Amino acid sequence: MIRRVNWWALTKVIFLGMFLIFTVFPLYWILITSLKPRKDMFTVPLQYWPKHLTLENYVNIFEISNFDVYIFNSLLVSTVSGLFSLMIAMLSGYVLARFRFRGKHQIIFAFFVTQMIPLFIALAPLYLLMSKLQLLNRLPSLILIYTVMMIPFCTIIMKSFFERIPPSLEEAAMIDGCSRIGALLKVVVPVMLPGIAATFIFAFVQCWNELFLAVMFIDKESAKTIPVAMNSFITKFDIDWGAMSAATVLSVIPTLILFAFAQKYIVEGMTQGALKE
Amino acid sequence: MLFSSLFNRGEENMKMETKPTPQPIFNISKHGMFILLCLLPALLLVSIFIYYPLCKGMIMAFQNYSLFDLTNIRFIGLQNFKSVIVNPDFKQALINSFYWVFFSLIFQFMIGFVLALMMRKKFRGRGIYQAFVFFPWAMSGFLIGLIWRWMFNGQGGVINDLLLKMNLFDTPIPFLADPKWAMASVIMANIWYGVTFFGIMLLAALQSIPEELYEAAKMDGANNIQQLFHITIPYIMPTIIATTLLRVIWILNFPDIIYAMTNGGPAGSTHILSTYMLEKIIYDQDYGQASAIGVIIMILLSFFSIFYLLATKFNKVGDF
């Protein structure tokens with residue numbers, strides 16, 4: 001019996017393997033760089049597996065900058081903005097999913113458009129607005145604007161989650177004497193907890209990563225978030241790649257962990273939200 | 001769904017009635033107050049902090065509005081547009097924007113499509129595999145730009161090292177410092193970032209194709225290639241059209257990677273419209289000209305979207 005090679009399976013394995021390397025290698029490389037001692041960073045031949053592992057870059061970044069402050073600021077801003085936008089989006093998403101009323105399509109469209117237009121047009125006016133509100137160089141400016149920026153997307157996602165829950169669920173609770181909000185909190189929310197968590201994570205990660213608004217609004221050491229601080233590292237003439245890679249790894253790890261948990265639901269929300277036919 | 005409401009609302013409403021998803025069941029008149037209260041925070045905040053600044057920004061495009069010259073704010077008609085358009089940097093940014101969108105999109109789409117095809121059938125570890133290839137999505141464009149900037153570095157950069165090892169070049173290339181290579185390098189980083197989007201979206205579409213279609217085709221003797229062109233691609237065409245359109249818009253509005261890798265340099269050779277606009281805001285602080293560029297971007301995208309939707313006779317772009 002001649003054993004036939006399954007060419008399709010073989011091609012698949014090769015392609016998927018190569019693509020995995022292509023995707024993961026840059027992350028591996030930045031991790032390895034951050035663990036190399038300074039003297040090994042540029043030595044030829046490059047070390048694909050570091051001969052000496054060290055945490056000196058990580059120690060260094062906390063010494064040359066207030067990285068602990070940046071981490072704290074980023075955590076604070078992202079958590080609070082994420083929670084605020086989630087709460088607001090739950091209310092609006094619920095109403096848009098359950099009720100039929102005039103102007104509904106226009107509202108959804110207006111939210112959708114915010115995801116499409118170059119928001120940089122709003123950058124300068126926002127700066128002037130924040131300066132009028134006396135919020136420049138203060139974290140509430142970021143909390144406020146991130147909350148707002150996340151509302152449209154979170155609303156659209158929450159709407160699609162609510163639509164998948166049969167209205168009979170809260171009707172039954174309301175017949176049993178719950179108010180609408182009571183039914184929403186006691187019956188509907190527990191069912192869609194995974195979706196809510198994923199939406200929060202998505203919002204959190206977006207805020208954690210945001211750069212340009214933060215660069216516009218924040219110029220004071222004590223109020224810098226991680227991206228603002230890293231931006232000031234690169235505008236210096238010479239980039240210290242050791243410190244830079246350590247900072248990159250530190251700021252990427254939380255988002256990678258969160259995304260790994262929420263990945264399934266985010267994918268679900270994204271594809272369901274975008275590809276309704 | 002949303003774009004469709006622009007084009008043929010009647011048909012859309014009819015579709016709404018027959019949709020199998022749970023329909024709104026509650027009576028509006030009884031709940032008007034509740035609806036209003038729930039929507040109020042979202043509507044108010046989005047109006048004040050997104051739509052108001054947007055409108056103001058568009059007005060700025062017609063004003064002399066520079067942070068250095070705040071006492072002299074006045075309407076100057078189309079002067080900003082004129083100053084922007086005659087600038088050779090703008091022309092360069094416009095051409096680069098085309099390359100940036102076109103090549104990023106083509107490669108993201110093709111690799112993403114193959115990825116989706118390969119992942120369609122369940123295999124052991126597919127869940128974990130998907131989680132891994134999804135990683136770029138958890139990262140900001142800024143960090144991605146930094147990582148690739150380090151990899152493309154002339155000194156100590158791993159890409160040069162690999163190319164030299166493969167004997168493709170004799171000497172290291174200063175990728176990001178050489179105008180000939182810089183644009184290709186930033187596009188490379190963007191491809192890396194965007195493949196996943198297409199992979200995920202197209203995979204979801206592929207999984208919605210009924211298996212019977214393939215079985216019927218096999219019985220009629222269709223080979224794999226024929227199945228691809230006569231079943232798979234026609235079936236997921238709506239998804240392809242919707243995702244590519246959304247992607248064109250996002251890629252053009254996505255300055256982060258270029259900002260981190262080259263910041264438009266060397267000598268403006270990697271500016272696209274959005275990075276050029278950011279430079280006008282952050283460095284020149286000429287809000288008038290910056291806004292003019294923003295308005296030009298919006299006009300281009302609107303024309304493109306309408307043209308694209310008409311050309312593909314498509315009216316079902318998703319509502320996000």
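These values consider heavy atoms only, across backbone and side chains, with no hydrogens, waters or symmetry-generated copies. Letters A, B, ... mirror the listed sequences (proteins, then strands); counts begin at 1. None of these values were measured; they are calculated from a predicted model.
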One should read off an interatomic distance between B:L245 CG and A:M116 CE, to the nearest 0.5 angstrom, of 8.0 Å
Do the side chains of A:F15 and B:V114 get nearer than 4.5 Å, heavy atoms only? yes
At a heavy-atom separation under 4.5 Å, does A:A110 approach chain B through its side chain, its backbone, both, or neither? both
Can you tell which of A:S251, A:P118, A:A124 has the highest number of heavy-atom pairs within less than 4.5 Å of chain B? A:P118
What is the minimum heavy-atom distance between B:V46 and A:T114, and which atoms define it? CG1-CG2, 4.4 Å
Residue A:L211 versus chain B: region with a heavy atom under 4.5 Å: side chain
Contact class of B:I111 relative to chain A, heavy atoms under 4.5 angstrom: both
Between A:M244 and chain B, which part of the residue has a heavy atom less than 4.5 Å away: side chain, backbone, both or neither? side chain
Name the member of B:S47, B:S302, B:P255 that forms the most heavy-atom pairs with chain A at distances under 4.5 Å. B:P255
Top contributor to chain B interface from A:I181, A:T33, A:V113 [non-hydrogen pairs under 4.5 Å]: A:T33
Top residue by heavy-atom pair count (under 4.5 Å) with chain B, among A:L16, A:L27, A:I201, A:I107? A:L16
Rounded distance (nearest 0.5 Å) linking atom CZ of A:F259 with atom CH2 of B:W137: 7.5 Å
Nearest atoms (heavy-atom pairs only) where B:F142 meets A:P227: CE2-O, 4.0 Å
For the CZ atom on B:F107, are there more than 12 heavy atoms of other groups (residues, nucleotides or ligands in this structure) within a distance under 6.0 Å? no
Once salt bridge (charged side-chain N to carboxylate O under 4.0 Å, His left out) is applied, do any residues pair with A:D40, and if so which ones, sequence neighbours excluded? none
Kindly assign one of parallel, tilted or perpendicular to the pair B:F34 and A:Y94, based on the angle between their ring planes and the thresholds 30° and 60°. perpendicular
B:K56 vs A:L128, test: side chain to side chain contact (heavy atoms under 4.5 Å, CB included). Steps then yes/no. CA-CA 11 Å; B:K56 195 150 180 240; A:L128 300 169; 4.3 Å; yes
Which bit of A:L123 comes within less than 4.5 Å of chain B, counting heavy atoms only: side chain, backbone, both or neither? side chain
For each of B:L146, B:T196, B:I128, B:L273, tally heavy-atom pairs with chain A at distances under 4.5 Å, and name the one with the top tally. B:L146
Side chain, backbone, both or neither: which part of A:L256 has an atom under 4.5 Å from a heavy atom of chain B? both
Please tell me whether B:W150 and A:S245 have a donor and an acceptor in their side chains that are separated by less than 3.5 angstrom. no
Kindly determine whether A:F120 and B:S274 satisfy side chain to side chain contact (heavy atoms under 4.5 Å, CB included), including the steps that lead there. CA-CA 8 Å; A:F120 308 110; B:S274 45; 4.3 Å; yes
At a heavy-atom separation under 4.5 Å, does A:M87 approach chain B through its side chain, its backbone, both, or neither? neither
Need one label for A:L133: side chain, backbone, both or neither, based on atoms under 4.5 Å from any heavy atom in chain B. side chain
Where does B:I147 contact chain A at under 4.5 Å (heavy atoms): side chain, backbone, both or neither? both
Quick check: closest heavy atoms across A:P125 and B:P53, and the distance to 0.1 Å? CG-O, 3.3 Å
Could you look at A:L258 and say if it's the side chain, the backbone, both or neither that has a heavy atom under 4.5 Å from chain B? neither
Between A:I151, A:L91, A:V148, A:L144, which residue shows the highest count of heavy-atom pairs closer than 4.5 Å to chain B? A:V148
Closest non-hydrogen contact found for B:W192 with A:F22 is NE1-O, 2.9 Å
Could you check whether B:Y259 and A:F212 have their ring centres less than 6.0 Å apart? yes
To the nearest 0.5 Å, atom CG of B:L45 lies from atom OG of A:S85 at 10.5 Å
Picking from B:L117, B:L43, B:L301, B:I282, which has the most non-hydrogen pairs under 4.5 angstrom with chain A? B:L43
Engaged part of A:M130 at the chain B interface, taking heavy atoms whose separation is under 4.5 Å: side chain
B:M118, part contacting chain A, at a heavy-atom distance under 4.5 Å: both
Greatest number of non-hydrogen atom pairs under 4.5 angstrom with chain A, of B:Y52, B:Y51, B:Y65, B:F132, falls to B:Y51
Check whether B:A131 gets within reach of chain A through its side chain, its backbone, both or neither, counting any heavy atom under 4.5 Å. both
Assess whether atom CZ of A:F25 is packed by more than 12 heavy atoms of other residues, nucleotides or ligands within 6.0 Å. yes
From CD1 (B:I35) to CZ (A:R100), nearest 0.5 Å: 11.5 Å
If only atom types and distance count, is the side chain of A:N209 paired as donor or acceptor with the main-chain N or O of B:A138 below 3.5 Å? yes
Max heavy-atom pair count under 4.5 Å with chain B, selected residue of A:I88, A:L46, A:I30: A:L46
Does the pair A:W241 and B:N153 meet the rule for a side chain to side chain contact (heavy atoms under 4.5 Å, CB included), with working shown? CA-CA 10 Å; A:W241 282 109; B:N153 215 22; 3.7 Å; yes
Let's test your reading of the structure: which of B:I297, B:I59, B:D256, B:V295 forms the most heavy-atom pairs below 4.5 Å with chain A? B:D256
Show your working on side chain to side chain contact (heavy atoms under 4.5 Å, CB included) between A:V205 and B:M139 and close with a plain yes or no. CA-CA 8 Å; A:V205 170; B:M139 303 171 62; over 6 Å; no
CD1 (A:I117) and CD1 (B:I249) are apart, to the nearest 0.5 Å, by 10.5 Å
Identify every side-chain donor-acceptor pair in residues 154-161 of chain B under 3.5 Å, counting partners at least two apart or on other chains, and give the distances.
unit_1, atom_1, unit_2, atom_2, d
B:N160, OD1, B:I173, N, 2.8
B:N160, ND2, B:I173, O, 2.8
B:D161, OD2, A:Y48, OH, 2.7
B:D161, OD2, B:K165, NZ, 2.9

Starting at NZ of A:K12, measure out to NZ of B:K121 and round the result to the nearest 0.5 Å. 6.5 Å
Which bit of A:W8 is near chain B, if near means a heavy-atom gap under 4.5 Å: side chain, backbone, both or neither? side chain
Taking atom OH as the centre, does A:Y127 end up with more than 12 heavy-atom neighbours from other residues, nucleotides or ligands that are less than 6.0 angstrom away? no
So for atom CZ, which belongs to A:F19, do other residues, nucleotides or ligands contribute more than 12 heavy atoms lying within a distance under 6.0 Å? yes
Chain A contact via B:V195 - which portion, at a heavy-atom distance below 4.5 Å: side chain
Among A:V95, A:I121, A:T255, residue most engaged with chain B (heavy-atom pairs, under 4.5 Å): A:I121
